[in-house]
Amino acid sequence: MKQLLQRLRIDASLAAISRCKDDLTIECWAESLGLTADTAALQTAVTRFRRANGLLTSAQASQWLTNHGMELEDLASLFRPQVLKESIAQHLVSDDEVKRYFLECAHQYDRAEISTIATDEYGIAQELLFRVEEGSDFHALAREYSSDAETAKSGGYAGLIGRADLSPEMAAAVFNATKGSLLGPFEQRRKYNLVLVEALYPAELSEEIAVDIRQQIFQYKLEDYQRTLNIQEEVWRLGEG
């Protein structure tokens, strides 16, 4: 109950039932695996928290702890599940699992760099398509005619996108095109879009993607492990009935 109240004082989301159950599961799981939280990793988490909350001096940090009725050890304990989570993920999710997952789902990590022109009418989009095909500058037309205020100022440049950022029809066309391809018009969100493919970046198993995949696999394993436990929720039901 003490830790629950401390979580509420810091951030209500930390006291959510699902978050508390996940943290308790991770603590139990780590104990069963003989894993402990690395002191250096805990210190890093605490330091990150202090910086994010403007607690740059020891006096500021001490006053904050006093105001929240906490000791330094209490604060560190709130970050222990996250540190243990990373340790468990490294312990249980092998590099081979990460590679297999990547091979099966690599298309999710494909990226494309595109520029777009959005119009409210199909006929206008079709006319602009013809003008680009005849030699007009796509980016100049985007500045003049695109109804997407967010990208029009930059000549239609929309930046890096993934398949999930586009409709299925647009994603299939973009990621099967080549650099410089002019595509469309596509209907999406009541707009008619022309797309210029600026660059394509097929997925590669980078360190960043490996971390993301490892966390996804870990989450599946966490949910499986959680189903083997009997975590009671009576503390949240006090006063009911």
Side-chain angles (χ1 to χ4, degrees), residues 3 7 10-11 13-14 16-52 73 75-114 158-168 170-179 197-231:
Q3 191 178 82
R7 287 172 178 244
I10 297 173
D11 185 343
S13 65
L14 294 174
I17 293 177
S18 59
R19 175 63 180 270
C20 291
K21 288 179 68 175
D22 282 352
D23 287 353
L24 180 57
T25 299
I26 289 168
E27 297 263 13
C28 293
W29 202 2
E31 184 177 357
S32 72
L33 294 170
L35 298 176
T36 57
D38 179 70
T39 302
L42 281 174
Q43 183 59 60
T44 297
V46 170
T47 300
R48 190 183 302 122
F49 178 84
R50 286 181 55 181
R51 288 174 178 167
E73 292 74 15
L75 182 60
S77 70
L78 295 180
F79 300 115
R80 185 173 293 109
Q82 182 59 42
V83 171
L84 288 172
K85 179 179 178 180
E86 295 172 4
S87 296
I88 296 172
Q90 287 292 334
H91 182 76
L92 292 181
V93 182
S94 69
D95 291 343
D96 284 343
E97 284 183 277
V98 171
K99 291 175 183 176
R100 285 197 301 271
Y101 187 100
F102 174 76
L103 291 174
E104 293 171 2
C105 306
H107 64 280
Q108 296 180 11
Y109 298 95
D110 288 335
R111 293 293 179 266
E113 196 172 0
I114 65 171
L160 280 174
I161 52 92
R163 293 176 184 269
D165 299 314
L166 303 172
S167 68
M170 290 177 68
V174 167
F175 287 97
N176 283 289
T178 56
K179 179 180 178 180
V197 180
E198 306 277 8
L200 290 166
Y201 304 98
E204 295 181 355
L205 187 53
S206 64
E207 182 176 347
E208 181 181 358
I209 289 177
V211 168
D212 180 69
I213 290 175
R214 191 178 299 276
Q215 288 302 320
Q216 289 188 55
I217 296 174
F218 169 80
Q219 192 61 39
Y220 299 144
K221 292 177 180 284
L222 174 64
E223 291 167 3
D224 287 342
Y225 180 76
Q226 199 167 52
R227 284 190 283 270
T228 70
L229 302 178
N230 180 28
I231 298 176

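Side chains are part of it too, since the values below use all heavy atoms of this structure and drop only hydrogens, waters and symmetry mates. In this chain, residues are counted from 1 in sequence order.
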Can you tell me how far apart CD (Gln82) and CG (Leu42) are? Round to the nearest 0.5 Å. 11.0 Å
For Arg214, is there an ion pair with Asp95 - N to carboxylate O distance below 4.0 angstrom? yes
Check this for me: Gln219, atom CD, are more than 12 non-hydrogen atoms of other residues, nucleotides or ligands nearer than 6.0 Å? yes
Scanning both residues in full, the closest heavy-atom pair of Leu78 with Pro81 reads O-CD, 3.6 Å
With sequence neighbours left out, write down each residue that passes side-chain hydrogen bond (donor to acceptor under 3.5 Å, both in side chains) with Arg51, or none if nothing qualifies. none
How many angstroms lie between CD1 in Ile88 and OG in Ser32, if you round to the nearest 0.5 Å? 7.5 Å
Which heavy atom in Ile26 sits nearest to a heavy atom in Leu222, and how many Å separate them? CG1-CD1, 4.0 Å
Pairs involving residues 201-213, ordered by first then second residue, that meet side chain to side chain donor-acceptor pair (under 3.5 Å) (sequence neighbours left out): Tyr109-Asp212, Glu113-Tyr201, Asp212-Gln216
So, using ring-ring contact (aromatic ring centres under 6.0 Å, His included) as the criterion, who are the partners of Phe218 when residues are at least two apart? Trp29
Mind checking the OG1-CD spacing from Thr25 to Glu27? Nearest 0.5 Å is all I need. 10.0 Å
Shortest non-hydrogen contact from Thr178 to Leu200? CA-CD1, 4.0 Å
If only atom types and distance count, is the side chain of Glu97 paired as donor or acceptor with the main-chain N or O of Ser94 below 3.5 Å? yes
Do side-chain atoms of Thr228 reach the backbone of Asp224 as a donor and acceptor pair under 3.5 angstrom? no
Heavy-atom closest contact (Leu33 atom, Leu92 atom, distance): CD1-CD1, 4.1 Å
Main-chain N/O of Asp110 paired with Arg163 side-chain donor or acceptor, under 3.5 Å: no
I need the minimum non-hydrogen distance between Leu205 and Phe102, along with the two atoms involved. N-CZ, 3.6 Å
If I take atom CG from residue Asp38 and atom CD from residue Glu86, how far apart are they, to the nearest 0.5 angstrom? 10.0 Å
Closest non-hydrogen contact found for Phe175 with Ile161 is CZ-O, 3.9 Å
When rounded to the nearest 0.5 Å, the distance separating CZ of Arg80 from CG of Asp23 is 11.0 Å
Just how far is it from atom CD1 of Ile114 to atom CG of Leu160, taken to the nearest 0.5 Å? 9.5 Å
Does a side chain donor of either Thr39 or Gln43 reach within less than 3.5 Å of an acceptor in the other side chain? no
